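Working notes, beginning with the structure itself.
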Amino acid sequence: METLKNGQPYDAKQVEDNIYKLWEDSGFFSPDKLSGTQINADSMRINADKRKPFTIIMPPANANGNLHAGHALVMTIEDIMTRYKRMRGFKALWLPGLDHAGFETQVVYEKKLEKEGRSRFKMKPEELYQEILQFTLENKKNIEGQIKKMGASCDWSREKFTLDKDIVTIVYQTFEKLYDKGLVYRGKKIINWCSKHQTSLSDLETKDAEQIDKLYYLKYGPFVIATVRPETKFGDKYVVMHQKDPRYANYKHGQKIALEWINGPIEATVIKDEAIDMDFGTGAMTITPWHDAVDFEIAQKHSLDKEQIIDFYGKLLPIAGEFSGMKITEARQKIIEKLQAKGLVEKIEENYKHVVKRCYKCETLIEPQIKDQWFLKMESLAKPVIASIQANKVTFIPKHYKKISLHWLKNITDWPLSRQIVWGIPIPAKICEKCQSAIIDTTHPEINPSDLNGTCGKCGGNLIKETDTFDTWFSSGQWPFATLQAGQKNDFKTFYPTDVMETAGEIIFFWVARMLMLGLYTTKKLPFTTVYLHGLVLDAKGEKMSKSKGNVINPMELIDKYGTDSLRISLVIGNTPGTSLALDENRIRGYKNFANKIWNASRFVVMNLKDYNPKAKISLNTAQKKNIKELQKLVKETTKLMDDYKFYIAAEKIYHYFWHTFCDKIIEESKEALADPKSRTATQYMLLEILTNSLKLLHPFMPFITEEIYQQLPIKDKKLLMIERWPK
RNA sequence: GGACGCUUAGCUCAGCGGUAGAGCAUCUCCUUUACACGGAGAGGGUCGGGGGUUCGAAUCCCUCAGCGUUCACCA
């Protein structure tokens with residue numbers, strides 16, 4: 001305390017941790033404390049229980065490492081929103097949480113295992129689970145500390161973790177309800193398989209990669225077919241062409257043709273389907289339904305046989321004959337050599353450019369596989385959300401996300417919910433070993449079915465526990481209502497639906513769209529009314545940060561160097577929603593200078609207030625009145641901008657006012673007036689008035705320094721700046 | 001291939017119908033009693049190209065070009 005008087009430049013390190021403790025101890029991070037305890041005159045009029053709630057649910061950070069620059073932006077923007085609304089007299093709740101982040105965390109942990117020369121495939125699932133749990137809980141603590149470092153004024157008493165028992169219970173209830181309504185089903189469908197991670201992935205968890213391969217034209221009986229993947233062709237016994245293709249008019253649908261193939265003679269069947277592009281290749285192709293999504297669809301449509309050619313480790317199965325057991329990459333060339341020897345290669349087109357799917361984590365080539373998986377039917381869930389968005393019941397900031405969301409929702413496909421990993425919420429079900437039917441069991445998800453004398457109702461077969469876990473987004477997709485339903489008694493009633501969902505534009509489909517669907521379905525209400533999407537935080541050169549590039553900026557280091565306030569305001573000014581931001585240290589340094597400027601201007605004012613008598617009668621001169629008016633104009637403009645979520649302009653305006661109007665003009669001009677006893681008191685009043693209000697306007701952006709200074713101002717009955725009323 | 005976005009001062013970006021703005025960088029001057037993490041001032045842009053609407057366009061419309069993001073089952 002009294003740090004303002006020591007004449008040193010502003011030192012964030014001396015201030016920030018103490019101030020955070022002051023806030024935390026005050027209890028005002030909780031909206032409960034905000035009701036009825038306000039004693040300053042301005043808020044006396046407000047009846048505690050009539051305060052309107054304002055709620056933001058914090059996107060649960062992945063508890064598997066450190067806060068990154070993107071998190072810093074999340075914490076800053078959401079804290080600005082929360083602090084602003086709190087000062088406006090709302091019952092502000094910002095509910096923090098962390099995510100076990102299923103696949104993401106397991107991948108991080110597997111990398112750690114790899115470094116230690118271990119492998120998850122050599123561990124018992126329970127062992128692995130316990131280890132990751134330990135790891136996650138440690139990281140959870142770490143991240144909580146870092147969130148506090150950011151100055152986040154969230155209500156820690158309501159903190160939630162996606163693996164909390166009450167959360168899991170709610171997730172199970174939702175799952176069961178969806179199952180009972182026939183929206184969840186288990187079935188053999190083609191899925192994206194990552195052979196490294198040994199799990200299925202949703203479409204969103206794969207990324208398209210352009211690559212150049214050879215396109216082989218192979219003689220298939222009387223036809224020539226084009227393929228980049230000859231290694232999948234062993235089981236191909238259907239040749240497909242368009243009904244209208246004149247080249248194949250002589251061939252009838254269902255016609256059998258005997259022909260010589262890779263490992264000997266086979267019988268092929270002609271299939272006519274409009275999915276075929278007559279302009280591509282020869283207009284005829286064979287299909288591999290087990291390993292290609294398009295082929296799978298065709299096979300489904302015509303009830304064709306499906307055979308697995310490649311196992312889950314990317315090796316050829318016995319159907320490949322002499323190639324059995326080979327990795328597909330090495331098999332390809334050898335198969336072509338054999339086909340060439342048999343004279344079955346018509347030609348090879350080099351440099352064929354096409355797009356393949358890769359695992360978004362390890363870039364392993366995705367191998368489509370048919371596997372029993374849990375799916376959620378999305379169409380009927382998407383429909384009401386589409387209607388709500390079209391009726392503008394959800395506001396998107398920036399607004400072009402409305403179209404993007406609608407487009408995705410209108411083309412939605414079923415969501416594969418199950419993952420073959422241990423780290424996650426177990427799917428509460430039992431599977432019949434014999435007939436593969438599934439039974440939902442949310443009451444005893446952990447119990448071995450043999451303890452229940454469980455047998456399959458359909459075939460009498462033995463029941464075993466489902467070992468798959470949920471896609472992590474299935475639980476986080478329920479986050480807004482789950483956190484509040486699992487919370488204190490009236491929380492759901494008071495705070496749901498929430499006001500703003502602020503998160504990265506990147507995860508609009510992964511998360512935002514799914515929250516809207518699951519929220520509306522489960523609670524009959526949209527979980528939030530405003531979606532604020534921020535862009536990526538890039539490095540100073542505008543490149544995406546990545547560990548492999550080595551350009552990751554650690555926000556904690558920036559805080560150490562420049563202070564949290566400087567980092568926060570540099571993340572906000574000029575950063576329009578949805579646009580990515582290049583984080584340049586020079587900028588942060590510039591705002592560190594600003595913090596120092598605030599510090600010194602405040603010191604000047606405080607120094608000149610030693611003899612200030614607030615009760616003395618004052619009369620402002622014309623120039624001073626003008627100054628106050630100008631401040632009021634700024635308050636009005638800023639308030640409007642804050643209400644419009646235009647923090648990037650609001651912050652800049654206050655910055656500009658404080659430095660170039662208050663410091664450069666008002667303070668400079670006041671020096672003379674302070675020296676004159678006749679005008680001294682009025683000048684003191686004016687300076688204190690402008691400084692106090694400026695601190696209030698700045699507080700959401702730079703909470704630490706403003707609170708520290710406020711605590712040192714000679715004002716009677718003051719409390720915390722955090723709960724002071726926003727100026728009018 | 002579709003959708004969306006971007007193109008404004010050397011750099012990073014605001015502005016989005018009324019005679020060009022900020023931060024950083026550059027240059028000149030100033031150890032002025034809050035601050036050199038400072039002050040006073042200066043230079044620098046035909047707002048991607050072309051067309052249109054308008055009394056008036058970075059700002060609205062059309063079109064072209066480049067960049068980026070995202071979605072998509074062409075073997």
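On a predicted model such as this, the values are computed, not experimentally measured, just so you know.
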- Task: Remember a base hit wins even if backbone is also touched, and classify A:R229 as base, sugar-phosphate or nothing at under 4.0 Å, heavy atoms.
- Result: nothing
- Message: Using a 4.0 Å heavy-atom cut-off, does A:F594 contact any base of the nucleic acid, only the sugar-phosphate backbone, or nothing at all?
- Response: nothing
- Task: Please list every stem that involves RNA chain B, where a stem is a run of 3 or more consecutive Watson-Crick or G-U wobble pairs with both pairing distances under 3.5 Å.
- Result: B:1-7 with B:65-71, B:10-13 with B:21-24, B:26-30 with B:38-42, B:48-52 with B:60-64
- Using distance alone, with no hydrogens and no angle criterion, decide if A:H242 and A:E274 have a side-chain donor and acceptor under 3.5 Å apart. no
- Of the listed nucleotides B:rA75, B:rC37, B:rC4, the one nearest the side chain of A:I404: B:rC4
- Message: Are A:Y248 and A:F223, when compared by the centres of their aromatic rings, separated by less than 6.0 Å?
- Response: yes
- Is it true that A:D245 and A:R247 have a side-chain N and a carboxylate O under 4.0 angstrom from each other? yes
- Side chain of A:D277 - closest among B:rC74, B:rG15, B:rC24: B:rC74
- Message: Students often get this wrong, so: under 4.0 angstrom with heavy atoms, is A:T579 touching a base, only sugar-phosphate, or nothing?
- Response: sugar-phosphate
- Message: I'd like to know if A:K597 reaches the base of B:rC35 with its side chain, counting only an N/O donor and acceptor under 3.5 Å.
- Response: yes
- Taken to the nearest whole Å, CZ/A:F509 to P/B:rC4 is 13 Å
- Assign A:Y352 to base, sugar-phosphate, or nothing according to its heavy-atom contacts below 4.0 angstrom with the strands shown. sugar-phosphate
- Message: Between B:rC24 and B:rG41, how far apart are the two P atoms, rounded to whole Å?
- Response: 16 Å
- Provide the distance between the two C1' atoms, one in B:rC74 and one in B:rG66, to the nearest whole Å. 28 Å
- Message: Applying a 4.0 Å non-hydrogen cut-off, can you work out what A:I667 is touching in the nucleic acid: base, sugar-phosphate, or nothing?
- Response: base
- Task: Output yes when at least one side-chain N/O atom of A:K671 is less than 4.0 Å from OP1 or OP2 of B:rA34, else no.
- Result: yes
- Message: By nearest heavy atom, map A:T576 and A:M607 onto RNA chain B; which one lands nearer the 5' end?
- Response: A:T576
- Query: A:N600 has a side chain; which of B:rG23, B:rA75, B:rC35 sits nearest to it?
  - Reply: B:rC35
- What nucleotide, of B:rA40, B:rC35, B:rG23, holds the atom closest to the side chain of A:D664? B:rA40
- Could you check which of B:rA34, B:rC37, B:rA14 has an atom nearest any side-chain atom of A:N593? B:rC37
- Task: Measure from CD on A:E297 to C1' on B:rA75 and round the result to the nearest Å.
- Result: 15 Å
- Query: How close or far is atom C1' of B:rC30 from atom CD of A:E668, stated in whole angstroms?
  - Reply: 13 Å
- Can you check the A:F701 CZ to B:rG23 P distance for me, whole Å? 17 Å
- Query: Can you tell me how far P in B:rU31 sits from the matching atom in B:rU46, rounded to whole Å?
  - Reply: 37 Å
- Closest listed nucleotide, where the reference is the side chain of A:R589 and the choices are B:rG23, B:rC24, B:rA14: B:rC24
- Message: Over all strands shown, is A:G281 touching base, sugar-phosphate only, or nothing at heavy-atom distances under 4.0 angstrom?
- Response: nothing
- What is the nucleic acid contact for A:R603, judged by heavy atoms within less than 4.0 Å: base, sugar-phosphate only, or nothing? sugar-phosphate
- Any side-chain donor-acceptor pair under 3.5 Å between A:R358 and A:Q211? yes
- Query: How close or far is atom P of B:rC74 from atom NE2 of A:H242, stated in whole angstroms?
  - Reply: 16 Å
- Measure from NZ or CZ of A:K207 to the centre of the six-membered ring of A:Y360, then state whether that distance is under 6.0 Å and the direction lies within 45° of the axis. no
- Message: Just to be sure I understand the rule, does A:I225 reach a base, reach only the sugar-phosphate, or reach nothing, if contact means heavy atoms closer than 4.0 Å?
- Response: nothing
- Salt bridge A:R229-A:E367, side-chain N to carboxylate O under 4.0 Å: yes
- Query: On a whole-Å scale, what distance lies between the C1' atoms belonging to B:rG45 and B:rU53?
  - Reply: 26 Å
- May I ask you to say what A:T286 touches in the nucleic acid, namely base, sugar-phosphate or nothing, with a heavy-atom cut-off under 4.0 Å? nothing
- Item | Pairwise C1' distance, B:rC61 and B:rG68 [rounded to whole Å] | 24 Å
- Note on the structure: Comparing nearest nucleotides in RNA chain B, the 5'-proximal residue of the pair A:V605, A:L215 is A:V605
- Looking only at heavy atoms, the pair that brings A:I191 and A:S200 closest together is CD1-CB, 3.7 Å
- Determine the Euclidean distance between corresponding C1' atoms of B:rA58 and B:rU19; express it in Å to zero decimal places. 14 Å
- Query: With a 4.0 Å cut-off on heavy atoms, is A:H291 in touch with a base, just the backbone sugar-phosphate, or nothing at all?
  - Reply: nothing
- Message: For the C1' atoms, the ones on B:rG18 and on B:rG56, what distance do you get once it is rounded to whole angstrom?
- Response: 7 Å
- Query: Hey, what's the ring geometry for A:Y220 with A:W261, parallel, tilted or perpendicular (30° and 60° as the breaks)?
  - Reply: perpendicular
- Query: Hey, is B:rA58 sitting syn or anti, using the within-90° cutoff around 0?
  - Reply: syn
- Message: What's A:A293 touching, base or sugar-phosphate or nothing? Going by heavy atoms closer than 4.0 Å.
- Response: nothing
- Lys NZ or Arg CZ of A:K189 over A:F375 ring: under 6.0 Å, within 45°: yes
- Looking at A:F604, is A:K671 sitting on its ring face, NZ or CZ under 6.0 Å from the six-membered ring centre and within 45 degrees of the normal? yes
- Query: Within this structure, what is the NE2-to-C1' distance between A:H407 and B:rG5, rounded to whole angstrom?
  - Reply: 15 Å
- Separation of B:rU69 atom P from A:L204 atom CG, nearest Å, is 18 Å
- Query: How far does the P atom of B:rA25 sit from the matching atom of B:rG17, given to the nearest Å?
  - Reply: 33 Å
- Query: Between A:E210 (CD) and B:rC71 (C1'), how many Å, whole number?
  - Reply: 15 Å
